[in-house]
Amino acid sequence: MYLPGHFQNGYVTRDLERAVAMFAREYGVHDFVYDDAEVVVTTPGGEGTARFRVALAWAGDRQVELIQPESGPVGLYLDALPADDSLRFHHMGMRCDSLEPIRAEAARRGWPIAMAGSVPGIDFMYIDAAAQLGHHLEYMCATPEAWEGMRWPEGLAVSL
């Protein structure tokens with residue numbers, strides 16, 4: 001699968017505030033932007049509304065995404081949670097211009113699509129790469145306004 005465009009490392013946790021505080025204290029990552037997301041998604045189990053809390057911040061040219069799953073078809077995140085309130089690496093996120101070539105390559109290779117969805121200005125899809133990499137791969141396409149809303153760093157390559 002394609003890794004060019006890697007801009008994000010995603011983590012899951014049961015306690016978003018604790019994870020944000022740990023990143024600030026231990027790794028100097030600050031200025032998180034929070035979102036209470038409610039997204040209609042498609043999973044192998046069908047379609048439904050996933051609810052989760054997200055915190056995003058930039059650490060140089062990598063975005064840190066912290067996800068606290070809440071309800072709906074969020075097994076993709078719940079299955080990766082540790083037993084305690086710590087956090088766990090969940091996915092690498094790649095910026096792309098279109099999901100269709102990624103979807104075709106996943107089908108050709110027999111790699112399952114674990115979740116796909118859209119929010120205004122953003123389309124995303126998770127590929128289950130656990131057998132090869134031990135984690136998921138997320139691919140995101142967004143409008144220029146949506147990338148700006150995610151505070152894409154000035155000067156960071158955008159043609160990926």
Side-chain angles (χ1 to χ4, degrees), residues 1-44 49-96 99 102-103 106 111-142 146-153 156-158 160:
M1 194 44 67
Y2 307 106
L3 297 182
H6 174 219
F7 75 96
Q8 180 190 80
N9 290 332
Y11 300 83
V12 293
T13 182
R14 296 178 195 282
D15 188 336
L16 192 65
E17 285 73 20
R18 182 177 175 186
V20 166
M22 186 274 301
F23 262 95
R25 182 182 64 251
E26 301 293 331
Y27 300 103
V29 179
H30 301 277
D31 300 323
F32 279 86
V33 174
Y34 292 85
D35 186 26
D36 290 325
E38 191 168 295
V39 181
V40 175
V41 297
T42 302
T43 70
T49 301
R51 291 175 185 81
F52 45 91
R53 298 180 62 221
V54 178
L56 300 167
W58 287 89
D61 64 354
R62 291 288 177 260
Q63 185 181 65
V64 174
E65 179 181 36
L66 306 175
I67 302 168
Q68 179 181 318
E70 292 190 325
S71 64
V74 293
L76 167 78
Y77 307 117
L78 291 174
D79 293 346
L81 284 172
D84 59 15
D85 286 342
S86 63
L87 70 158
R88 182 74 32 92
F89 180 74
H90 182 262
H91 68 269
M92 293 170 61
M94 273 62 67
R95 181 174 172 160
C96 61
L99 292 180
I102 307 300
R103 190 180 307 278
W111 292 348
I113 296 173
M115 179 188 280
S118 296
V119 295
I122 301 172
D123 295 322
F124 65 91
M125 180 173 60
Y126 285 94
I127 302 293
D128 183 351
Q132 296 82 22
L133 300 174
H135 57 78
H136 288 82
L137 299 173
E138 181 184 21
Y139 294 88
M140 289 178 56
C141 303
W147 288 121
E148 185 178 313
M150 286 187 269
R151 302 182 335 194
W152 190 267
L156 186 59
V158 295
L160 306 170

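We number each residue from 1, following the sequence as shown.
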Approximate separation, where rounding is to 0.5 Å, of [X] [atom1] and [Y] [atom2]:
X: Glu17; Y: Leu66; atom1: CD; atom2: CG; result: 10.5 Å
X: His91; Y: Leu76; atom1: NE2; atom2: CG; result: 8.5 Å
X: Ile102; Y: Met140; atom1: CD1; atom2: CE; result: 13.5 Å
X: Asp85; Y: Gln68; atom1: CG; atom2: CD; result: 9.0 Å
X: Leu133; Y: Met92; atom1: CG; atom2: CE; result: 7.5 Å
X: Gln63; Y: His6; atom1: CD; atom2: NE2; result: 10.5 Å

Next item on the list: Check step by step if side chain to side chain contact (heavy atoms under 4.5 Å, CB included) holds for Val39 and Phe52.
Entry: CA-CA 9 Å; Val39 181; Phe52 45 91; 4.2 Å; yes
Could you list the donor-acceptor pairs under 3.5 angstrom formed by side chains in residues 114-128, with sequence neighbours left out?
residue: Ser118; atom: OG; partner: Asp123; partner atom: OD1; Å: 2.5
residue: Tyr126; atom: OH; partner: Tyr77; partner atom: OH; Å: 3.0
residue: Asp128; atom: OD1; partner: Ala130; partner atom: N; Å: 3.0

Looking only at heavy atoms, what is the nearest atom pair of [X] and [Y], with distance?
X: Leu16; Y: Ile67; answer: CD1-N, 4.3 Å
X: Gln132; Y: Trp111; answer: NE2-NE1, 3.4 Å
X: Ala80; Y: Arg88; answer: O-CG, 3.3 Å

Check: Any side-chain donor paired with an acceptor under 3.5 Å for Asp15 and Thr13?
Finding: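 No, no side-chain donor-acceptor contact under 3.5 Å.
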Next item on the list: Hey, could you give me each pair passing side-chain hydrogen bond (donor to acceptor under 3.5 Å, both in side chains) that has a residue in residues 22-44? Not counting sequence neighbours.
Entry: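 As it turns out, the side-chain hydrogen bond (donor to acceptor under 3.5 Å, both in side chains) pairs with a partner in residues 22-44, which skip direct neighbours, are Asp36-Arg53, Glu38-Arg51.
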Checklist line | Side chain to side chain, Val29 and Phe32, heavy atoms closer than 4.5 Å | finding: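 The answer is yes; the side chains approach within 4.5 Å.
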Margin query: Going by ring-ring contact (aromatic ring centres under 6.0 Å, His included), name the residues that satisfy it together with Tyr11, two or more places apart in sequence or in a different chain.
Written below: Phe23, Phe89
Notebook entry, point to check: Should Glu65 and Asn9 be marked as a side chain to side chain contact (heavy atoms under 4.5 Å, CB included) after you check the CA-CA gap, both sets of side-chain angles, and the distance that decides it?
Noted result: CA-CA 6 Å; Glu65 179 181 36; Asn9 290 332; over 6 Å; no
Margin query: In this structure, is the centre-to-centre distance between the rings of His135 and His90 below 6.0 Å?
Written below: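 Distance test on ring centres: not under 6.0 Å, no.
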